[in-house]
Amino acid sequence: MLDECKALSNETRLRILEWLKDPDANFPARGADTAGLGVCVGLLQQKAGTSASTMSAHLAILQRAGFLSATRRGQWTYYRRDEARIRAFTEQLHHAL
C-alpha cells in the first residue's frame, strides 16, 4: 500500500488520474481509431505542460502502483486507468483507516 500512497502524493499524478477518468472530456482531440486504447503520452504531456522525461517518470510510477495500464501501438504508448485496481486500493485504504 506504500507504493500506491507514494504514487498519489504528487499533484501532477493525481491530475493524470483525474484526466484519465473522463478521457473524452479531457482529450477531445484524440483520434477515434485509438480511443479504445487510452490516451497517448504526448497528449498527457501537453496537457500537464511537462517535459517528455518528466511525464514518462510520472506514468511509470502510476503504472508500477497498478493505477494505469499501457498499450503499445507502433511508436505510441497509450495509457488508461485500471479501474478495478483503483477500486481495490480505495477499499483497502477504507478498511485500514
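- Linking Ile, Leu, Val, Met, Phe, Trp and Tyr residues whenever their side-chain heavy atoms come within less than 4.5 Å places F27 and L14 in a single cluster.
- No donor-acceptor pair closer than 3.5 Å links the side chain of E91 to the backbone N or O of A88.
- Closest of all the heavy-atom pairs between G66 and R85 is O-CG, 2.9 Å.
- Annotation: side-chain hydrogen bond (donor to acceptor under 3.5 Å, both in side chains) contacts of S53 (sequence neighbours excluded): S51.
- Atom CG of L8 sits about 6.5 Å away from atom SG of C5, to the nearest 0.5 Å.
- The OG atom of S69 sits 11.5 Å away from the CG atom of L62 when rounded to the nearest 0.5 Å.
- Cluster annotation: I86 and Y78 are assigned to distinct hydrophobic clusters (Ile/Leu/Val/Met/Phe/Trp/Tyr, side-chain heavy-atom contacts under 4.5 Å, transitive).
- In this view, R72 and T77 satisfy the side-chain hydrogen bond (donor to acceptor under 3.5 Å, both in side chains) rule, not counting sequence neighbours.
- In this structure, I16 CD1 and K47 NZ are separated by 11.5 Å, a value rounded to the nearest 0.5 Å.
- Note that CD of Q92 and CZ of R87 are 14.5 Å apart. Values are rounded to the nearest 0.5 Å.
- Within the 4.5 Å cutoff, no side-chain heavy atoms of Q63 are placed close to those of D82.
- Judged as a ring-ring contact (aromatic ring centres under 6.0 Å, His included), and not counting sequence neighbours, Y79 has no contacts.
- By the 4.5 Å heavy-atom criterion applied to side chains, K6 and L2 are counted as neighbours.
- If you take CD on Q45 and CG on L59, they are separated by 9.5 Å, rounding to the nearest 0.5 Å.
- Residues satisfying the side-chain hydrogen bond (donor to acceptor under 3.5 Å, both in side chains) test with E83, not counting sequence neighbours, are R81.
- Formation of a donor-acceptor pair under 3.5 Å by the T54 side chain with backbone atoms of T50 is not found in this model.
- Of all the heavy atoms in L93 and M1, the pair that sits closest is CD1-CE, 4.1 Å.
- Every residue two or more places apart in sequence or in another chain that forms a ring-ring contact (aromatic ring centres under 6.0 Å, His included) with F89 is listed here: F67.
- Both L43 and V41 belong to a common hydrophobic cluster when Ile, Leu, Val, Met, Phe, Trp and Tyr are linked at side-chain heavy-atom distances under 4.5 angstrom.
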Donor-acceptor list for residues 18-26 side chains, cut-off 3.5 Å, not counting sequence neighbours:
residue: D22; atom: OD1; partner: A25; partner atom: N; Å: 3.4
residue: D24; atom: OD1; partner: R30; partner atom: NH2; Å: 2.6
residue: N26; atom: ND2; partner: W19; partner atom: O; Å: 3.1
residue: N26; atom: ND2; partner: D22; partner atom: O; Å: 2.9

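- A distance of 11.0 Å separates CG of L68 from CZ of R13, quoted to the nearest 0.5 Å.
- Here the shortest heavy-atom pairing between R15 and A48 reads NH2-O, 4.4 Å.
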